[in-house]
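Counting starts at 1 for both ligands and their atoms, in listed order. Scope of the values below: all heavy atoms of this structure, side chains included, with no hydrogens, waters or symmetry mates. Remember, predicted model here, so these are calculated numbers, not experimental data.
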Amino acid sequence: MLCAKYRDFLSWVIYQVYPRSFMDTNGDGIGDLPGVIEKLDYLKELGVNAIWLCPCYKSPNDDNGYDISDYRDIMDEFGTLDDMRALIAGLHARDMKLILDFVPNHTSTAHRWFQESRKGRDNPYSDYYYWFDAPPNDWKAAFGGSAWEYDAKRGQYYLHSYAISQADLNWDNPAVVQEMKNVIDYWVNLGVDGFRIDVVDQISKDFAKGQNCFGPNLHEYIHALFGRENTRRLFTVGECWVQDAEEMERHCAAEREELSTLFQFEHMECGRADKFTPKVGGMRKLRDILVKWQNVTADRDLLYSLFTENHDQPPMISRVADDGERRYESATCLAAMLYLLKGVPFIYQGQEIGMPSPCYDSIDSFRDIESINSYAELRASMTEAEALQKINFGSRDNSRRPMAWDGGEKGGFTTGAPWIPLHSRQKEINLENDLASERSVFRFCQRLLKLRAGNDAFLDGTFQVVSREEDDFFAFTRMWESEKWAVICNFDREQRITLPFVCEVPHLSNLGRTQADGVYQPYECAVCRVRH
Ligand code: NOJ
């Protein structure tokens with residue numbers, strides 16, 4: 001049984017909304033907060049009870065909102081603070097929660113703090129950022145080039161771990177910590193229920209060790225934010241690239257009052273050799289990594305985050321399974337193998353209809369700063385076709401295409417010109433088609449979430465793996481008191497699966513199975529109660 005502090009979170013099912021691409025209500029081609037409000041009943045119907053909203057603060061949008069120029073106001077394209085208030089009210093009225101994206105590591109250089117800071121070395125904002133006369137190291141920015149940029153006004157270099165217009169905040173300055181506490185309090189007072197914290201491991205740097213993350217004061221800073229009277233009840237999930245369970249424990253153990261959970265990314269390597277290069281064997285790897293983290297988090301009483309994709313990570317279905325002929329089976333099988341594990345489910349928008357990665361024949365169809373910069377780098381050593389193939393495989397835009405609500409000209413997303421081309425398969429794969437089909441991914445997910453919500457075995461029950469590493473399937477049990485359930489997910493080949501126990505007729509399956517044992521089609525899955 002998970003510790004009391006976190007147990008309630010096991011019943012949260014979080015849907016990640018990328019507001020820019022979710023639903024546009026004013027025809028400017030950009031999704032907005034009223035669009036999110038419009039779809040709350042849809043989300044409720046799916047079985048979701050919380051949303052994580054990617055950044056919606058004022059921003060020049062060089063990195064789609066992760067470059068914030070005002071932490072307390074809403075981006076013009078997304079609406080107003082009143083829209084945000086209405087969204088919070090709409091969610092709470094439906095007994096749903098709101099998790100905001102909090103970006104503490106950097107601000108936009110358009111932020112007032114940076115504009116003041118660059119004016120000189122002796123104003124109240126001078127030390128809000130990292131300034132040096134010369135680059136103190138050779139750190140690289142995540143979007144290419146040096147992480148140090150010369151600012152002629154100040155006559156010094158500042159650090160930017162991402163785009164040139166995303167300056168890293170200097171958390172070693174207590175005034176910055178205080179500013180950030182105030183930002184958190186501002187949103188908590190507006191009724192926000194939690195935060196996803198962007199690259200939280202980077203807010204403390206270790207210049208001596210040449211590391212721009214996991215610095216010596218990291219825990220102190222996180223605790224300063226979330227270990228307070230009004231913040232310790234919040235749900236907090238850190239984007240934090242921990243290497244092992246001990247590191248996770250140092251951030252998430254309940255008594256530390258830091259983070260409720262974090263996204264660990266080990267399974268992001270499944271199905272790829274690097275960000276832009278595919279690799280076979282992803283399903284087995286995914287299973288083994290999930291099993292490992294189920295076990296280590298259970299041993300340490302930690303809350304695990306169940307996700308396979310987000311606005312940075314292309315859909316898992318296109319990396320490890322079949323997004324062609326067996327797309328329905330693959331999407332539903334992946335859902336069963338992930339969301340019936342122990343932890344907090346995160347569903348990325350479109351995942352509930354089995355949206356795969358799209359494909360384009362020109363770099364002009366991409367908008368993401370990382371994809372565009374990477375394409376230019378790749379082109380230096382390969383042909384246009386080769387470079388595009390890589391971008392089509394690994395681009396962050398793969399999960400940033402407008403939500404395909406229907407197969408119409410604008411996909412039901414907007415009446416205007418979408419800010420980014422629609423998904424290349426939107427005519428074929430969209431919510432309307434999915435719901436009209438007998439093989440609906442949405443309805444499968446809905447049934448799966450319902451089963452999970454009403455069942456202690458799937459919420460807080462123990463996990464036990466049944467399949468072996470050499471098997472091409474994943475079978476596990478979840479057990480609570482005398483109630484035991486089995487989940488069987490076949491991989492990419494037809495095979496006979498025989499379980500070491502007897503099960504009842506499957507409660508849920510993606511191909512209408514009538515018994516747990518027997519021949520499974522590729523990506524067929526079944527969820528059954530185990531007979532005593
Ligand atoms: C991680 C976010 O998820 C990503 O989209 C962003 O570009 C970087 N952090 C920088 O904020």
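Of the protein's non-hydrogen atoms, the one nearest atom 2 (C) of ligand 1 is Asp198 OD1, 3.1 Å. With hydrogens left out, the protein atom closest to atom 7 (O) of ligand 1 is Asp63 OD2, 2.5 Å, a heavy atom. Looking at atom 5 (O) of ligand 1, its nearest protein heavy atom turns out to be Asp312 OD1, 2.7 Å.
Side-chain contact, Asn105 with Lys205: a donor N or O sits under 3.5 Å from an acceptor N or O. No hydrogens or angles considered: a donor-acceptor pair under 3.5 Å links the side chains of Tyr125 and Arg112. Side-chain contact annotation: Asp62 with Ser165, donor-acceptor N/O pair under 3.5 Å present. No side-chain donor-acceptor contact under 3.5 Å links Trp131 and Ser126. Side-chain atoms of Tyr42 and Glu352 include a donor-acceptor pair closer than 3.5 Å. Looking at Tyr375 and Glu370, their side chains never bring a donor and an acceptor atom within 3.5 Å of each other. For the residue pair Glu377 / Asn373, no side-chain donor-acceptor distance below 3.5 Å is found, with atom types taken as modelled.
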Residues Glu246, Arg300; criterion salt bridge (charged side-chain N to carboxylate O under 4.0 Å, His left out); working and verdict: CA-CA 9 Å; Glu246 285 71 36; Arg300 290 172 174 76; 2.5 Å; yes
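Of the heavy atoms in Glu370, none comes closer than 4.0 Å to ligand 1. At a heavy-atom cutoff of 4.0 Å, ligand 1 is contacted by the side chain of Arg400 but not by its backbone. With a 4.0 Å cut-off on non-hydrogen atoms, Arg196 touches ligand 1 through its side chain and not its backbone. At a heavy-atom distance under 4.0 Å, only side-chain atoms of Phe143, from C-beta outward, approach ligand 1.
With ligand atoms numbered from 1 in the order given, ligand 1 contributes 1 (C), 3 (O), 9 (N) to contacts under 4.0 Å with heavy atoms of Glu239. The distance from ligand 1 to the heavy atoms of His311 drops below 4.0 Å at these ligand atoms: 2 (C), 3 (O), 4 (C), 5 (O). Interface atoms of ligand 1 facing His106, defined by a heavy-atom separation under 4.0 Å, are 10 (C), 11 (O). Close approach of ligand 1 to Arg396 (heavy-atom distance below 4.0 Å) involves ligand atoms 4 (C), 5 (O), 6 (C), 7 (O).
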